[in-house]
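For this chain, numbers begin at 1 and follow the sequence in order. We use all heavy atoms of the structure for the numbers below, so side chains are in, but hydrogens, waters and symmetry mates are not.
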Amino acid sequence: MTTLVLAPEAVLVATAGASLAMSGARRARARARVRRWGPRLVLAGVLAAFGLELWQGAQLGTLFGGGFVQDRFALFAKAAVLLALAAGVAAADWELERLPGPLPAALIGGFGVMVAASATDLFAVWTGVAPGTALAGPVRALAVAGALLMLVALAFGYLHATSGASSLDLVRVAMAGTPTTLPLALPVLVALGGLAALLVLAPLGFGAAAQASPFGRGAAAGIGAAGAGVALLKVGAVLGGVGPAWGPALAGAGAALVLLAGLGAALAPGARRTAGLLAASQLGWVAAAVATHERGGLGAGLFLLGAAVLGAVVLPTLLGDLELEAALAGLGGRSPARAAALTVAAVSLAGAPPLAGFFGVFLVAASLAGAGLYWVITLALLGSILAAVGAVRIGYAAFLLEEEDIRAPARAPSTRLLPATFASGAAALLTLVLIGYGLLANPISGLAAQGAAALLLTARSP
């Protein structure tokens, strides 16, 4: 394997630098050119990185003395986050977004996910998670993210001290022969619990800030979840043999999160909050999948993580500042392409058939059934049914609710209404991408299963 496999990361970092350079435009004419061509160049850079990943990522091997691994897991995770970034940039309304705004941070967050996907060391995995959580934005969210990251780092440090190594494969070998005691079980629970919390809180709280731009909210929700999800899958595979009792606990916590987030999505008063809760509900299934300790569950979790990250980035970005009834009413008539993409993204996050979210949830449920965790499936399915109610409310408001039907909205409509300049072609393309992920579920889930096999092989190598 040659260093050409690093080309996608290099292109993404260069694109981030180019997006940061957009802030250097001072003259009005230069700013106008940046506003017109800047996002298109960024989109071209992300798509170029995506194409290079599909091409060069097929190589298998290691670099830097084993510190960097390129396998099917890395290929899937990197391609998923690059696709989500490209979808978010295409979905954003750059007539209203500030440039460069959150673009550089989102691209660096995506680079962090790529680092975590190829990392073979506990602390390299942790380093890859940090940039995505830095997208949180508000001080309170950043404080929570920082506290969780520090707890995970302390847990990783304890595992390093106990095993005498930080390499994932060596940690697995050392932990497999260590008696499970409370001093060992506690850091394992802290590490996995902290990553699971970061996974779910990314769309639930970090990306819901009112002061953030629509693309900023989408990037914080999706990219933050991608980094935490990739780390949770990698570390969960390594620690699968350490204290098997943590499996039902993590699965139960994931099911409870699905149920609570689904209930919140069914009752949430605004579309922005509904979008975050829908993504959190689906990501709870990903956390439960890690608890199965086996290839099928990890592969299902990886497949569902890709679908959830895509929806978590696209849905808040498409929503903009529109609220559930006050501004979504009549959207289907004003911009049917945007309304369709919005509805498809919400329904996919709710896990409704025949979209990607449904196939991912089905695969995770099958793995949980194989582990005998039927009570987890029951709770989580109830949460997904409630989440579907929230998704239907968004679709109903966009397509069936007319503006004159709203008599006394609970809050005033947003002053930033749907712009006429929104690219309907991009919205239609996003709809095809969201539907295509579900239609191609069989080959995509097969690649995810190969990724899980590679993950377990790396974790179990002596």
Handout entry: Lys234 NZ to Phe73 CZ distance, which is reported to the nearest 0.5 Å
Key = 6.0 Å
Handout entry: Side chain to side chain, Pro316 and Arg272, heavy atoms closer than 4.5 Å
Key = no
Problem - Smallest separation among heavy atoms of Ala350 and Ala388, with atom names - result: CB-CA, 3.7 Å
Handout entry: Side chain to side chain, Leu232 and Leu305, heavy atoms closer than 4.5 Å
Key = no
Completion exercise
Hits for ring-ring contact (aromatic ring centres under 6.0 Å, His included) against Phe359, two or more places apart or cross-chain, chain-then-number order -> none
Handout entry: Non-hydrogen side-chain atoms of Leu434 and Leu355 separated by less than 4.5 Å
Key = no
Completion exercise
All heavy atoms of Thr317 vs all of Phe215, minimum pair found to be OG1-CA, 3.9 Å
Problem - Side chain to side chain, Ile444 and Phe76, heavy atoms closer than 4.5 Å - result: yes
Problem - Distance (rounded to the nearest 0.5 Å) between Leu199 CG and Leu283 CG - result: 4.5 Å
Practice task
Without swapping roles, check the side chain of Thr62 against the backbone of Phe68 for a donor-acceptor pair under 3.5 Å.
Solution key: no
Handout entry: Gap between atom CG of Leu47 and atom OG1 of Thr15 - 0.5 Å precision
Key = 10.0 Å
Handout entry: Side-chain touch Leu85/Leu107, heavy atoms, less than 4.5 angstrom
Key = yes
Fill in the blank from the handout: In short, salt bridge (Lys or Arg N to Asp or Glu O under 4.0 Å) pairs touching residues 429-443 with sequence neighbours left out are none
Exercise for the section: Write down the atom of Ile108, the atom of Ala16, and the distance for their closest heavy-atom approach. Expected result: CD1-CB, 3.9 Å
Practice task
Test Leu148 against Leu201 for side-chain contact (heavy atoms from CB on, under 4.5 Å), laying out the working first.
Solution key: CA-CA 11 Å; Leu148 289 172; Leu201 287 177; 3.9 Å; yes
Problem - side-chain contact (heavy atoms from CB on, under 4.5 Å) assessment of Val361 paired with Phe358 - result: CA-CA 5 Å; Val361 167; Phe358 167 77; 5.9 Å; no
Handout entry: Shortest non-hydrogen separation from Val314 to Ala87 and the atoms involved
Key = CG2-CB, 3.6 Å
Practice task
Walk me through it: do Leu60 and Arg72 pass the test side-chain contact (heavy atoms from CB on, under 4.5 Å)?
Solution key: CA-CA 8 Å; Leu60 303 178; Arg72 290 291 182 259; 3.3 Å; yes
Practice task
Please report the closest heavy-atom contact between Glu53 and Ala79, naming both atoms and the distance.
Solution key: CG-N, 4.1 Å
Exercise for the section: Dump the intermediate steps for side-chain contact (heavy atoms from CB on, under 4.5 Å) on Leu63 and Gln70, then the final yes or no. Expected result: CA-CA 8 Å; Leu63 291 174; Gln70 182 67 26; over 6 Å; no
Practice task
Output yes when a side-chain donor or acceptor of Ser445 lies under 3.5 Å from a complementary backbone atom of Asn442, and no otherwise.
Solution key: yes
Handout entry: Within-4.5 Å side-chain heavy-atom neighbours: Lys78 and Val113
Key = no
Handout entry: Atom pair CG (Leu263) and CG (Leu382), whose distance is rounded to the nearest 0.5 Å
Key = 8.5 Å
Handout entry: CG on Leu304 to CD on Gln282, rounded to 0.5 Å
Key = 4.5 Å
Problem - Any side-chain heavy-atom pair of Asp121 and Leu168 under 4.5 Å - result: no
Exercise for the section: Taking the side chain as every heavy atom from C-beta outward, state whether Ser348 and Tyr437 have any pair of such atoms under 4.5 Å apart. Expected result: no
Handout entry: Whether Arg217 side chain and Gly276 backbone form a donor-acceptor pair below 3.5 Å
Key = no
Fill in the blank from the handout: Output for pair (Leu195 CG, Leu233 CG), nearest 0.5 Å, gives 10.0 Å
Handout entry: Heavy-atom donor-acceptor pair, Trp285 side chain to Val258 backbone, under 3.5 Å
Key = no
Fill in the blank from the handout: Tightest non-hydrogen contact, residues Phe111 and Leu12, listed as N-CD2, 3.5 Å
